[in-house]
Amino acid sequence: MRKYIIATCIFLMMLSSQLISGEVNIYSHRQPFLINPFLNKFTEETGIKTNVVYATKGLAQRLKAEGKNSPADVILTVDIGRLYIYDDLDLLAKIESKILDENIPDHLKSSDNKWFALSKRSRIIVVSNERVKVGEISKIEDLADQKWKGRICSRPGSHVYNRAVMASLILALGEDRAEKWARKFVSNLARRPQGNDRAQVKAIYEGQCDISIINNYYFGKLKYSDDLKQRKWADAVRLIFPNQEKGDRGAHINISGGGVAKYSKNKDAAISLIEFLSKDASQKMYGAINFEYPVNPRVETTDELKSWGSFRSDKVRISEIAKITQKAQKIIDRSGW
């Protein structure tokens with residue numbers, strides 16, 4: 001009898017391994033060089049091959065058009081707004097996973113377990129080391145102060161990163177106060193909104209402005225760039241994690257995240273990939289490779305990120321930010337950001 005039980009267990013283990021073997025097809029908004037190290041490690045550990053279709057936009061519409069014939073198994077995105085589009089279009093499958101329940105806090109996943117945050121990034125304030133005194137700015141609301149007129153640079157407000165910031169301000173302040181902030185912020189700009197986050201740090205270095213808002217990981221990319229000029233840009237600024245005072249909400253957080261495609265033909269393998277990305281080793285890689293923060297509360301931030309300063313995160317449900325991005329965009333349009 002015991003031999004029979006052992007043989008049965010071995011058979012079931014072999015069957016389980018076969019079920020999650022094969023290939024996983026990924027639709028990714030995340031650049032290949034950023035996710036390939038994770039995918040290579042995943043294949044090494046599981047034997048599951050990964051195939052990636054990368055695009056900055058249009059993948060949700062493609063997935064919807066493909067319907068049940070879609071080859072996609074996993075969706076990976078770089079912003080909660082983009083991830084929420086897939087959910088809103090009913091393109092994601094509900095996942096039952098104890099691993100994901102344990103590894104990802106409730107406020108960083110959908111209430112019905114259709115998508116999950118996989119890494120965090122903070123939208124932070126960067127200022128000139130020479131032209132902005134320590135303590136002059138402590139929260140993002142301070143950027144509406146008239147004293148900064150002609151001293152702020154920004155990428156366009158319609159970019160998903162800034163749209164999420166605007167949404168977080170609506171949740172924190174209400175629509176009326178958030179719009180007043182946006183109008184005053186725009187009146188303080190040194191130039192029309194343009195360029196990416198790196199370009200804002202460059203503008204501070206060149207003296208075009210003194211203040212900007214960027215994702216924290218861009219500082220790391222500049223600091224360790226192969227281009228000596230970009231390292232000089234990073235040396236010219238310091239970081240401010242906003243809204244840290246007692247009783248305040250904490251710094252705005254955005255995410256990279258993912259989910260399983262609704263019509264995935266390889267759901268077990270797809271779930272295993274999402275689980276893999278939430279585990280300790282992968283969470284540490286997010287920090288080491290892209291200067292992002294772990295979502296898994298048991299995983300420590302890298303030493304490099306710790307050296308930039310500790311901070312409290314806004315604990316608002318990330319899905320609430322995604323739900324009001326259209327309201328945020330209307331304020332951005334009306335304010336001219």
Side-chain angles (χ1 to χ4, degrees), residues 12 14-101 103-104 108-119 160 163 254-279 282 295 318-319 322-323 325-326 329:
L12 289 174
M14 292 174 63
L15 178 60
S16 176
S17 176
Q18 291 172 356
L19 286 173
I20 63 170
S21 65
E23 299 185 5
V24 174
N25 297 318
I26 301 163
Y27 281 8
S28 175
H29 295 263
R30 179 136 244 194
Q31 295 178 9
F33 78 93
L34 292 176
I35 64 168
N36 284 344
F38 297 88
L39 301 182
N40 292 339
K41 188 69 174 175
F42 174 70
T43 298
E44 179 184 320
E45 291 190 9
T46 66
I48 301 172
K49 181 182 177 183
T50 60
N51 307 303
V52 182
V53 173
Y54 165 73
T56 56
K57 58 180 65 175
L59 286 178
Q61 291 71 25
R62 171 175 172 172
L63 187 62
K64 183 174 177 61
E66 291 170 340
K68 294 181 179 180
N69 296 320
S70 177
D73 298 306
V74 170
I75 310 301
L76 297 177
T77 76
V78 291
D79 172 78
I80 180 54
R82 287 172 174 158
L83 188 55
Y84 189 75
I85 288 172
Y86 287 91
D87 193 7
D88 192 47
L89 292 174
D90 192 27
L91 298 175
L92 301 175
K94 184 175 181 180
I95 296 175
E96 299 294 339
S97 166
K98 290 183 178 179
I99 292 174
L100 293 175
D101 288 342
N103 289 352
I104 302 177
L108 295 176
K109 61 183 178 182
S110 68
S111 58
D112 55 2
N113 282 5
K114 286 188 176 181
W115 55 260
F116 302 83
L118 297 171
S119 66
V160 290
R163 195 183 301 148
N254 208 325
I255 63 169
S256 75
V260 174
K262 183 176 182 179
Y263 297 113
S264 167
K265 312 300 187 299
N266 306 291
K267 276 195 170 67
D268 289 335
I271 292 171
S272 71
L273 174 57
I274 301 295
E275 290 175 339
F276 171 83
L277 293 174
S278 76
K279 293 179 180 178
S282 295
V295 295
I318 196 73
S319 58
K323 288 176 183 177
T325 52
Q326 289 186 348
Q329 184 61 55

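Fair warning: this is a prediction, and the values are worked out from it, not measured in the lab.
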For [X] and [Y], work out which heavy atoms get closest and say how close.
X	Y	answer
Gly67	Tyr263	O-CD1, 3.5 Å
Asn254	Ile318	CA-CD1, 4.3 Å
Ser278	Asn103	OG-ND2, 2.9 Å
Ser272	Ile48	OG-CD1, 3.8 Å
Phe33	Gln31	CE2-OE1, 2.5 Å
Gly258	Ile274	C-CD1, 4.2 Å

Partner residues of Arg82 under the salt bridge (Lys or Arg N to Asp or Glu O under 4.0 Å) criterion, sequence neighbours left out = none

Which side-chain N or O atoms in residues 85-93 pair as donor and acceptor under 3.5 Å with protein atoms at least two apart or in another chain?
| unit_1 | atom_1 | unit_2 | atom_2 | d |
| --- | --- | --- | --- | --- |
| Tyr86 | OH | His29 | NE2 | 2.8 |
| Tyr86 | OH | Ala60 | N | 3.2 |
| Asp87 | OD2 | Trp115 | NE1 | 3.2 |
| Asp90 | OD2 | Lys262 | NZ | 2.7 |

Does any donor atom in the side chain of Ser264 or Asn266 lie under 3.5 Å from an acceptor atom in the other side chain?
-> no

For the residue pair Ser110 and Ser319, confirm or rule out a side-chain donor-acceptor distance under 3.5 Å.
-> no

Salt bridge (Lys or Arg N to Asp or Glu O under 4.0 Å) pairs, two or more places apart, involving residues 38-50 | Lys41-Glu44

In short, salt bridge (Lys or Arg N to Asp or Glu O under 4.0 Å) pairs touching residues 60-75 with sequence neighbours left out are Arg62-Glu66

Looking only at atom types and distance, does a side-chain atom of Thr43 sit under 3.5 Å from a main-chain N or O of Asn40, one as donor and one as acceptor?
-> no

Name the one of Ile75, Val74, Val53 that satisfies side chain to side chain contact (heavy atoms under 4.5 Å, CB included) with Ile26?
-> Val74

For Thr50, the side-chain hydrogen bond (donor to acceptor under 3.5 Å, both in side chains) test, sequence neighbours excluded, returns none

Gln329: side-chain hydrogen bond (donor to acceptor under 3.5 Å, both in side chains) partners, not counting sequence neighbours | Arg163, Asp333

Spatial distance of atom OG (Ser28) from atom CG (Leu59) [nearest 0.5 Å] = 8.0 Å

